[in-house]
Every structure is written in structure tokens, then in C-alpha cells.
Amino acid sequence: MTLQPPDPQAFYALVWEIVRQIPAGRVSTYGQIASMIPPPQGVEPPLYDRMGARWVGDAMRATPEGSGIPWQRVINSRGQISLPAGSAGADVQRALLEREGIVFDEQSRVDLRLYGWEGPSAEWLAERGLLPPFSFRPPEDTGQGMQLSLF
DNA sequence: CGTTTGACTACGC
DNA sequence: CGCGTAGCCAAAC
């Protein structure tokens with residue numbers, strides 16, 4: 001267990017609520033989810049920057065079984081499953097994601113630019129006092145994308 | 001008691 | 001692009 005947020009259960013509840021919004025076939029990361037939650041009272045931004053993602057990880061580990069929370073859709077910033085490689089949990093997570101259509105590359109990584117979730121709608125976030133997450137897609141990737149001239 | 005152990009990341013080689 | 005490390009500290013051993 002690492003340093004904990006002031007009110008772990010309150011923080012975890014926010015994480016779980018957000019995770020519930022991740023659609024099947026898409027994934028989010030510990031860091032992206034942390035970026036949607038404002039630093040808890042008493043936690044200065046610099047500390048939150050270092051601990052936020054870990055706290056999201058703590059929340060995932062504490063996910064109540066049978067809650068219906070799609071915990072498998074949360075992976076790390078490298079696009080990989082964070083549970084110990086080869087562990088039963090990791091195998092289950094990968095199987096669940098593949099069942100949703102997610103494809104892993106030869107290095108067991110998921111392409112976040114392709115499967116990364118863009119986050120809940122601005123309204124959904126605003127209603128709960130949450131922040132817009134960072135995007136996995138390049139800033140000006142609005143679909144067309146400029147092609148690099150080959151000559 | 002002293003050690004080990006974390007569902008993390010950004011950063012530097 | 002891969003690999004190691006610092007930053008964190010509460011629990012479980």
C-alpha cells in the first residue's frame with residue numbers, strides 16, 4: 001500500500017464511477033482517470049501528480065467483486081496490463097478485453113491511439129465536478145490527418 | 001522491529 | 001524504443 005488519499009473510499013468511489021463509463025472495446029489508463037479527478041482537499045498538485053495514478057491502481061485492486069465495474073478496461077500508460085505478467089488475474093483481464101474486440105500486439109500491448117477512451121462527455125464530468133482528461137490522440141487528429149510528403 | 005511489496009509514471013540513458 | 005530509477009509510505013511478512 002502506498003500513501004493513501006485523505007479519504008480512500010471517497011476517492012475510490014469516484015474512480016469506480018468513472019470506470020463504469022468506459023465502453024466495452026475501449027480502454028483507459030490509471031493516469032488518465034486520475035487526470036479527471038481534482039486533487040483531494042489537502043493534497044497539493046505536485047503530490048497528486050505523483051500519486052494520482054497509483055491511487056487509481058489502489059482503487060482497481062479494491063474493486064468490489066460482482067460490482068459490474070469493468071475493471072479490465074483500465075491498463076497502464078504503456079498500453080499494457082499492469083497485473084503481474086503470467087498471473088491468473090492478468091490472463092483473465094486479457095481474455096475479457098479480447099472478448100470485447102481489443103487486439104494486443106506481439107508485445108502484449110494495446111494501441112492506445114486506437115482503443116484509448118476519450119473520456120465521458122463534458123456535461124457528465126461537469127455535473128460531478130470532474131475534469132476533462134487528456135487525450136491519447138494527437139491534438140489535431142480530427143480524422144483526416146495530414147500525410148507526410150514522401151518527396 | 002527491519003524488509004519487502006506494491007493494478008504508476010515521467011524521465012534519463 | 002527498451003530498461004532502470006526516483007518519488008511515495010502503509011501493510012504484510
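Just so it is clear, the model here is predicted, and its values are computed rather than measured. Below, chain A is the first sequence line, B the second, and so on; all start at residue 1.
B:dT9 sits 22 Å from C:dA11 when the P atoms are compared, rounded to a whole Å. C:dC13 sits 13 Å from B:dA7 when the P atoms are compared, rounded to a whole Å.
Of the candidates C:dA10, B:dA7, B:dC8, B:dC8 carries the atom nearest the A:Ala53 side chain, counting heavy atoms from C-beta on. You'll find that the side chain of A:Gln4 is closest to C:dA11, out of B:dA7, C:dA11, B:dA10. Proximity note for A:Leu3 (side chain, C-beta onward) versus C:dC9, B:dA10, B:dA7: the nearest is C:dC9.
To the nearest angstrom, P of B:dA10 lies 14 Å from OH of A:Tyr30. With rounding to whole Å, A:Tyr48 atom OH is found 12 Å from B:dT9 atom P. Rounded to an integer number of Å, the gap from A:Glu106 CD to C:dC1 P is 13 Å. With rounding to whole Å, A:Ile37 atom CD1 is found 14 Å from B:dC8 atom C1'. Put simply, CZ on A:Phe136 is 13 Å from C1' on B:dT9, counting in whole angstrom units. With rounding to whole Å, A:Met51 atom CE is found 13 Å from C:dG7 atom P. Residue A:Leu83 contributes atom CG, which lies 11 Å from atom P of B:dG6 at whole-angstrom precision. If you take CD1 of A:Ile81 and P of B:dC8, they are 13 Å apart, rounded to a whole angstrom.
Within the 4.0 Å cut-off from OP1 or OP2 of B:dC8, not a single side-chain nitrogen or oxygen of A:Arg54 is found. Dashed line: the shortest gap from a side-chain N or O of A:Gln107 to OP1 or OP2 of C:dC1 is not under 4.0 Å. When the side-chain nitrogen and oxygen atoms of A:Arg61 are compared with OP1 and OP2 of C:dA11, none of them lie within a distance under 4.0 Å. Contact between the side-chain N/O atoms of A:Thr2 and the OP1/OP2 oxygens of C:dA10 is not found at any separation under 4.0 Å.
Applying the side-chain hydrogen bond (donor to acceptor under 3.5 Å, both in side chains) definition to pairs two or more places apart or across chains, those involving residues 89-98 of chain A are A:Arg94-A:Glu98, A:Arg94-A:Ser108.
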* Evaluate the side-chain contact (heavy atoms from CB on, under 4.5 Å) criterion for residues A:Arg54 and A:Tyr30: first the C-alpha distance (whole Å), next the side-chain angles of each, then the deciding distance (0.1 Å), finally the verdict. => CA-CA 7 Å; A:Arg54 294 183 91 129; A:Tyr30 303 97; over 6 Å; no

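A:Trp16 places a side-chain N or O within 3.5 Å of a backbone atom of A:Ala59 that can act as its donor or acceptor partner. Not a single donor-acceptor pair under 3.5 Å links the side chain of A:Arg61 to the backbone N or O of A:Gly57.
Here A:Trp71 lies in heavy-atom contact (under 4.0 Å) with a base. Among the heavy atoms of the strands lying under 4.0 Å from A:Arg109 are primed sugar atoms or P, OP1, OP2 only; no base atom is included.
Note on A:Trp55 and A:Leu131: separate hydrophobic clusters, where clusters join Ile, Leu, Val, Met, Phe, Trp and Tyr whose side-chain heavy atoms are under 4.5 Å apart, directly or indirectly.
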